[in-house]
Number of protein chains: 2
Amino acid sequence: MKNKIKTLRKQSNMTQEKLSKLCGVSRQTINCVENDKYDPTLELAFKISRALDKNVEEVFMYDKIS
Amino acid sequence: MKNKIKTLRKQSNMTQEKLSKLCGVSRQTINCVENDKYDPTLELAFKISRALDKNVEEVFMYDKIS
DNA sequence: TCATTGTGTCCAACGTTTTGGACATTTACA
DNA sequence: TGTAAATGTCCAAAACGTTGGACACAATGA
């Protein structure tokens with residue numbers, strides 16, 4: 001699983017802190033998801049994507065391998 | 001969060017058991033996700049969607065409320 | 001240079017997803 | 001009608017996402 005959170009977040013001039021508040025989660029959570037530390041919940045994936053004004057599949061790329 | 005798993009699964013003539021094996025998870029997991037018992041992992045959401053030959057957002061509907 | 005902000009990371013705790021095993025109920029069909 | 005398949009559900013345990021708090025380091029700009 002790959003994601004474009006960092007890129008899209010910077011395009012929107014947002015910090016991890018700001019994004020985390022928009023999503024209602026902690027900054028560590030955003031940091032970990034952004035850096036592929038773990039798989040987010042589907043609901044969180046939706047929240048992040050919406051905060052970045054994108055569809056889930058525009059933010060997260062599923063690569064069948066692992 | 002709503003989903004169309006049951007409908008799409010039946011359109012593909014699949015049992016929960018078959019879908020669970022395609023996704024590499026237990027049948028209970030498919031059952032619970034299908035009946036909104038809990039939020040799946042994003043990776044599982046992708047696996048389910050792909051098994052049903054759909055995009056994530058064609059299978060799962062995020063309704064901002066709760 | 002210094003101060004501030006943003007990011008990465010650690011930890012232990014907590015909550016939720018996911019599990020196998022088992023059983024009751026419903027559905028489908030001979 | 002009866003039989004098997006499919007589904008719903010319970011439990012306790014395991015696995016994993018998420019948390020606050022804290023700290024180090026990098027980046028930014030005055």
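All of these numbers come straight from a predicted model, not from anything done at the bench.
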Engineer: Do B:Met14 and B:Leu22 come close enough that some side-chain heavy atom pair is under 4.5 Å?
Structural biologist: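 In short, these two side chains touch, coming nearer than 4.5 Å.
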
Engineer: Report yes if a side-chain nitrogen or oxygen of A:Asn35 is closer than 4.0 Å to either non-bridging phosphate oxygen (OP1 or OP2) of C:dG8; otherwise report no.
Structural biologist: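 For A:Asn35, the contact criterion (side-chain N or O under 4.0 Å from OP1 or OP2 of C:dG8) is met.
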
Engineer: Report yes if the side chains of A:Ser20 and A:Thr29 come closer than 4.5 Å at any heavy-atom pair, otherwise no.
Structural biologist: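 The answer is no; the side chains never approach within 4.5 Å.
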
Engineer: Side-chain contact test, heavy atoms from C-beta onward, threshold under 4.5 Å: evaluate it for A:Leu8 versus A:Asp53 and give yes or no.
Structural biologist: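 The answer is no; the side chains never approach within 4.5 Å.
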
Engineer: Could you check whether any side-chain heavy atom of B:Lys4 comes within less than 4.5 Å of a side-chain heavy atom of B:Lys54, counting everything from C-beta outward?
Structural biologist: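 A side-chain contact is absent here, since even the closest heavy-atom pair is not under 4.5 Å.
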
Engineer: Does OP1 or OP2 of C:dT7 have a side-chain N or O of A:Asn31 closer than 4.0 Å?
Structural biologist: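 Result: no.
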
Engineer: Quick check: do A:Val56 and B:Leu42 have side-chain heavy atoms less than 4.5 Å from each other?
Structural biologist: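 Heavy-atom side-chain distance check passes, below 4.5 Å.
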
Engineer: What residue pairs, at least two apart or across chains, pass ring pair (Phe, Tyr, Trp, His ring centres under 6.0 Å) with a residue in residues 34-59 of chain B?
Structural biologist: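 Sorted pair list: A:Tyr62-B:Phe46.
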
Engineer: Among residues 8-23 of chain B, which ones have heavy-atom contacts with DNA chain D below 4.0 Å?
Structural biologist: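 Those residues whose heavy atoms fall under 4.0 Å from DNA chain D, taken from residues 8-23 of chain B in numerical order, are B:Arg9, B:Thr15, B:Gln16.
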
Engineer: Side chains of B:Leu19 and B:Ile5: does their closest heavy-atom pair fall under 4.5 Å?
Structural biologist: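 In contact.
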
Engineer: Please identify each residue that fulfils ring pair (Phe, Tyr, Trp, His ring centres under 6.0 Å) with B:Phe60, with sequence neighbours left out.
Structural biologist: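 Testing B:Phe60 for ring pair (Phe, Tyr, Trp, His ring centres under 6.0 Å), a comparison that skips the adjacent residues, returns none.
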
Engineer: Return a single string for nucleotides 14-30 of chain D, one symbol per nucleotide in 5' to 3' order, where B is base contact, S is sugar-phosphate-only contact and - is none, cutoff 4.0 angstrom on heavy atoms.
Structural biologist: ---SBBBBB--------

Engineer: Could you check how far NZ of B:Lys6 sits from P of C:dT26, rounded to whole Å?
Structural biologist: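 Value for this atom pair: 14 Å.
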
Engineer: For A:Glu58, which residues count as a salt bridge (Lys or Arg N to Asp or Glu O under 4.0 Å) partner, sequence neighbours excluded?
Structural biologist: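 Applying salt bridge (Lys or Arg N to Asp or Glu O under 4.0 Å) to A:Glu58 gives none.
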
Engineer: Return the angle between end axes of the helix from C:dT1-D:dA30 to C:dA30-D:dT1, with five pairs used per end and rounding to 10°.
Structural biologist: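 About 60° separates the two local helix axes.
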
Engineer: Please evaluate residues B:Arg50 and A:Glu57 with respect to the criterion salt bridge (charged side-chain N to carboxylate O under 4.0 Å, His left out), reporting the C-alpha separation (whole Å), side-chain torsions for both, the decisive distance (0.1 Å), and the verdict.
Structural biologist: CA-CA 12 Å; B:Arg50 294 299 182 261; A:Glu57 305 222 9; 2.8 Å; yes

Engineer: Could you state the atom-to-atom distance from CD of B:Glu34 to P of D:dA6 in whole Å?
Structural biologist: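 Roughly 14 Å, once rounded to whole Å.
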
